[in-house]
Amino acid sequence: MKNLFHVTCWAAGLFTVSVALTLVVDLAGTVTLAASEETGKSLEKAFPHSQKCKRCHLRVFEEWEASAQSRSILSSPFRVSLERYRQTSDDEDGTLCFRCHAPSVLEYPDHANVYIKEIASGDPALDGVGCSQCHLISDVDPNQHPPHPVYQLGRVVFGSYEKPVDNLAHQSAPLALYGQSQYCVACHENLPGYEKLPDILGPWQRAEAQQKGQHCQSCHMPEAFGESANGERNRKISNHSFPGRFGKVRADAVKMDVETEVRGKESEVTVTIQSLVPHNLPLPHPGWSRMELDVTILGKNLRKTYSEQRYYERVFGDQHGKATIFDFEAVSVLRDTVLKPEEKRVETFTVPTPQDAPSMDVLVTMTYSPIHGPEDFLKEVEQRAALGRKDRAFKPVRIVQYKENIPLGTE
Ligand code: HEC
Ligand code: HEC
Ligand code: HEC
Ligand code: HEC
Ligand code: HEC
């Protein structure tokens, strides 16, 4: 069956261009649309700005606006590290970083400079990872490592509804891909060109969650019921705030058990951490990303008598074998303590038992660490952040805390 469609342009009303599209419906009911290619289309037209989608998808827009994805070229750490990368590598255009942080550049490589200028301004008018950068992905090539997003820059937005309601702004086509992890890993698996280093996500395919049919979307785009477009009937929708380091999924990151054995002057605190996450935790990109496990003992009058920190991180080595927080300078991994997918890790701490105290408090806390690294780098990040040291990059984010009071008898 073949049909000819006339589709009005993005943001109906603003443009009046019509494009001929050929709609092919095969027997299985899958729909493929072959857009007659427009050549020389500007980047802004090929990748309409998220503001254009807001008019009809207010709920989705507001969720996305609150997400990390909407800030993919905004943060001060990104701006500072992009510049360092451009200065220290052969890739003056920063193409590597744009591959995931502003993937329109994949299709418009000559626009890298426009992005660089926009990003330096701190208030870019272009989207990094906006609606179009995601919904124009028509395929992910699994034969490349990392898997590569394939764009189809026509009038069709791809999604996962079997029967999307017709609208005046765009054609829609369902793709199973949108419900699958394969879609997300195109930007989350590894840095292209760094295949000798272990993947960012770790062996997520083998995780139990994945085997049980849970995809990235199951946890990071939790399902709800509501309007997909303004005024349409309620149906299954997917949250677009992409909870991760921030947001609700954090409560499900790890299960922690703590046992304390008092043995006279010394005590042993055993912390069992069960990661519930089907990928590495934390994800070791950017290179300074790490989690901290802190054990603190409080004695008489809640005075701190002891504290010790352990880190879950991937420490990269540069070409001179020195540790670097910049993964783009890495040629090796010097130490890797990230929690592997669904790993159970047991940590033992030998701590001095507080003397002359009727009891002691054992406090065990797990947090995402604030940004760390060379002083000049941190200074620059601070200077470029609108909120200075108050920027979220400098704040620890708590994941879990355990607290117990242990009686010490009458010693
Ligand atoms: C086009 C590339 C791209 C695709 C596709 C993509 N992401 Fe992302 N994602 C990013 C970038 C870049 C960031 C980091 C934004 C920032 O903080 O600068 C990010 C951030 C995130 C975060 C927030 C992480 C945090 O620290 O809190 C989550 C969660 C996330 N993505 C999940 C997903 C899921 C689930 C999918 C698939 C449905 C997906 N992403 C698809 C590029 C992508
Ligand atoms: C393969 C895709 C990919 C590439 C290539 C990539 N990033 Fe990222 N980047 C991500 C994702 C996904 C996140 C979110 C990670 C998370 O929260 O776990 C992220 C997070 C970040 C962050 C922390 C969030 C923020 O915005 O402050 C910085 C900084 C960053 N990347 C810098 C860079 C730089 C600089 C380059 C180029 C050298 C680069 N990235 C290349 C995917 C990528
Ligand atoms: C990181 C990629 C990504 C970004 C950014 C993104 N989406 Fe989505 N979107 C998806 C995926 C994947 C699905 C399908 C989720 C599923 O089936 O579980 C989806 C589903 C949808 C749906 C149907 C379900 C629903 O919740 O209504 C609409 C409409 C939609 N997106 C619009 C938008 C708009 C508008 C924006 C920008 C404000 C946007 N998306 C940004 C990946 C993305
Ligand atoms: C004129 C209003 C309008 C505008 C503008 C608009 N959309 Fe839609 N869109 C709709 C309607 C209506 C639906 C169908 C909703 C439903 O079926 O419940 C829809 C459905 C979708 C879907 C689901 C398709 C599927 O196959 O699952 C996605 C994804 C989507 N839009 C993305 C976008 C993006 C991205 C933009 C901006 C580039 C955009 N829309 C702009 C009205 C609009
Ligand atoms: C079973 C649920 C689950 C699935 C499936 C899942 N994640 Fe996560 N993810 C989590 C939890 C829980 C966290 C931890 C959040 C925290 O501690 O703040 C997390 C954290 C993240 C973060 C931010 C954390 C960081 O350390 O920077 C990103 C990005 C992310 N996941 C991407 C993905 C991608 C991509 C997939 C698919 C390959 C995926 N996730 C599959 C549960 C899940």
Side-chain angles (χ1 to χ4, degrees), residues 10-13 47-57 59-65 67-86 89 91 94-101 103 127 129-137 146 156-175 177-180 183-184 186-194 200 215-218 221-224 226-240 242 244-245 282-289 326-328 371 392-393:
W10 297 110
F47 289 97
H49 197 273
S50 298
Q51 287 287 350
K52 298 237 158 102
C53 320
K54 180 182 180 184
R55 204 163 68 91
C56 300
H57 295 289
R59 185 210 99 244
V60 183
F61 181 88
E62 284 177 346
E63 287 167 359
W64 165 81
E65 201 181 22
S67 77
Q69 312 242 15
S70 77
R71 292 188 290 271
S72 66
I73 51 173
L74 272 180
S75 80
S76 173
F78 179 73
R79 280 183 279 150
V80 178
S81 52
L82 171 68
E83 245 153 64
R84 179 177 173 118
Y85 167 69
R86 289 181 49 234
S89 73
D91 180 9
T95 318
L96 171 70
C97 314
F98 293 143
R99 150 80 164 70
C100 308
H101 285 263
D127 274 341
V129 181
C131 315
S132 307
Q133 285 74 15
C134 276
H135 283 287
L136 297 176
I137 294 177
V156 186
V157 301
F158 301 97
S160 59
Y161 286 155
E162 281 302 330
K163 290 195 176 72
V165 176
D166 287 340
N167 73 83
L168 290 172
H170 59 77
Q171 285 280 300
S172 311
L175 288 179
L177 175 70
Y178 276 68
Q180 298 165 354
Y183 174 85
C184 313
C187 299
H188 282 269
E189 190 163 79
N190 207 352
L191 304 188
Y194 292 73
I200 294 169
H215 292 268
C216 317
Q217 290 88 334
S218 316
M221 297 190 78
E223 211 177 292
E227 271 178 13
S228 171
N230 308 353
E232 296 298 333
R233 75 187 155 82
N234 285 354
R235 53 146 98 209
K236 180 180 96 68
I237 53 173
S238 314
N239 186 289
H240 275 69
F242 299 96
R245 191 172 299 236
L283 296 177
H285 169 77
W288 57 81
S289 160
F326 301 109
D327 50 359
F328 50 81
I371 190 169
R392 70 204 277 176

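Position 1 is the first residue of the sequence, and the numbers go up from there. Atom set for the values below is all heavy atoms of this structure, side chains included, hydrogens, waters and symmetry mates excluded. When a ligand or atom number is given, it counts from 1 through the structure's own listing order.
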Could you list the atoms of ligand 4 found under 4.0 angstrom from a heavy atom of Ala169?
-> 1 (C), 3 (C), 4 (C), 5 (C), 6 (C)
If you compare Arg392, Arg86, Arg245 by their heavy atoms, the one closest to atom 17 (O) of ligand 2 turns out to be Arg245
min-distance protein heavy atom vs atom 29 (C) of ligand 3 -> Ser228 OG, 3.3 Å
For Arg55, the atoms of ligand 4 under 4.0 Å from one of its heavy atoms are 1 (C)
Relative to atom 4 (C) of ligand 2, which among Ser89, Cys100, Gly287, Ser289 owns the nearest non-hydrogen atom?
-> Cys100
Any idea which atoms of ligand 4 are less than 4.0 Å away from a heavy-atom of Val157?
-> 28 (C), 30 (C), 32 (C)
Parallel under 30°, tilted from 30 to 60°, perpendicular over 60°: which one fits the rings of Phe328 and Tyr85?
-> perpendicular
If hydrogens are left out, which of Ala68, Ser76, Ser75 has an atom nearest to atom 26 (O) of ligand 2, that is, the closest non-hydrogen atom?
-> Ser75
Per-atom filter on ligand 2: closer than 4.0 angstrom to a heavy atom of Ser81 are 29 (C), 32 (C), 35 (C)
Name whichever N, O or S atom of His135 ends up nearest to atom 8 (Fe) of ligand 3.
-> NE2
Any Leu168 heavy atom less than 4.0 Å to ligand 4 | no
Indicate if the distance from atom 8 (Fe) of ligand 4 to the nearest N, O or S atom of His57 falls below 2.8 Å.
-> yes
Let me see the working for Ser228 and Val60 under side-chain contact (heavy atoms from CB on, under 4.5 Å), right down to the final yes or no.
-> CA-CA 7 Å; Ser228 171; Val60 183; 5.5 Å; no
How about His170: does one of its N, O or S atoms come closer than 2.8 Å to atom 8 (Fe) of ligand 4?
-> yes
The protein heavy atom nearest to atom 34 (C) of ligand 2 is Cys97 SG, 3.5 Å
Mode of Trp288 contact toward ligand 2 - side chain, backbone, both, neither (heavy atoms, under 4.0 Å) | side chain
Find all atoms of ligand 3 within a distance of less than 4.0 Å from any non-hydrogen atom belonging to Arg59, and give their numbers and elements.
-> 25 (C), 26 (O), 27 (O)
Looking only at N, O or S atoms, find the one in His240 nearest to atom 8 (Fe) of ligand 3 and name it.
-> NE2
Using a heavy-atom cut-off of under 4.0 Å, does the side chain or the backbone of Ser160 touch ligand 3, or both, or neither?
-> side chain
Backbone, side chain, both or neither: what part of Pro164 comes under 4.0 angstrom of ligand 4, heavy atoms only?
-> both
Val60 neighbourhood, listing ligand 3 atoms whose heavy-atom distance to it stays under 4.0 Å | 27 (O), 32 (C), 33 (C), 34 (C), 35 (C), 36 (C), 39 (C), 40 (N)
Ignoring hydrogens, just give me the one of Pro48, Cys53, Gly159 whose non-hydrogen atom is nearest atom 38 (C) of ligand 4.
-> Cys53
Asn234 and Glu227: CA distance, side-chain angles, deciding distance, side-chain contact (heavy atoms from CB on, under 4.5 Å) verdict = CA-CA 5 Å; Asn234 285 354; Glu227 271 178 13; 3.8 Å; yes
Is atom 8 (Fe) of ligand 2 less than 2.8 Å from an N/O/S atom of His285, whether that atom is in the backbone or a side chain?
-> yes
Can you label the angle between the Trp288 ring and the Phe326 ring as parallel, tilted or perpendicular, going by 30° and 60°?
-> perpendicular
Is it true that Glu83 and Arg79 have a side-chain N and a carboxylate O under 4.0 angstrom from each other?
-> no
Looking at atom 14 (C) of ligand 2, would you say a protein heavy atom lies below 4.0 Å from it?
-> no
Is it the side chain, the backbone, both or neither of Phe78 that has a heavy atom closer than 4.0 Å to ligand 2?
-> both
Go through ligand 4 atom by atom and flag the ones less than 4.0 Å from a non-hydrogen atom of Phe158.
-> 29 (C)
Close N or O approach (Glu232, ligand 4; < 3.5 Å) = no
Tell me which part of Asn190 gets within contact of ligand 2: side chain, backbone, both or neither, using heavy atoms under 4.0 Å.
-> backbone
Going by the order shown, which atoms of ligand 3 are within less than 4.0 Å of some heavy atom of Gln69?
-> 1 (C)
Give the single entry among Cys131, Ala229, Ser172 that approaches atom 24 (C) of ligand 4 most closely by any heavy atom.
-> Ser172
For ligand 4, which atoms have a heavy atom of Lys52 less than 4.0 angstrom away?
-> 5 (C)
Which protein heavy atom lies closest to atom 16 (C) of ligand 3, and at what distance to 0.1 Å?
-> Ser238 OG, 3.4 Å
Looking at side-chain heavy atoms only, is the closest gap between Tyr161 and Ser172 below 4.5 Å?
-> no
Taking 2.8 Å as the cut-off, does an N/O/S atom of Cys134 lie below it from atom 8 (Fe) of ligand 3?
-> no
Sub-4.0 Å heavy-atom contact, Tyr178 with ligand 4 = no
With atoms numbered from 1 as shown, which atoms in ligand 4 lie under 4.0 angstrom from a non-hydrogen atom of Ala173?
-> 26 (O)
If the plane angle is over 60° it's perpendicular, under 30° parallel, otherwise tilted; pick one for His240 and Phe242.
-> perpendicular
Which ligand 4 atoms does Val165 reach within 4.0 Å, using its non-hydrogen atoms?
-> 13 (C), 14 (C), 16 (C), 17 (O)
Of the backbone atoms (N, CA, C, O) and the side-chain heavy atoms from C-beta on, which set of Gln133 has a member under 4.0 Å from an atom of ligand 3: side chain, backbone, both, or neither?
-> neither
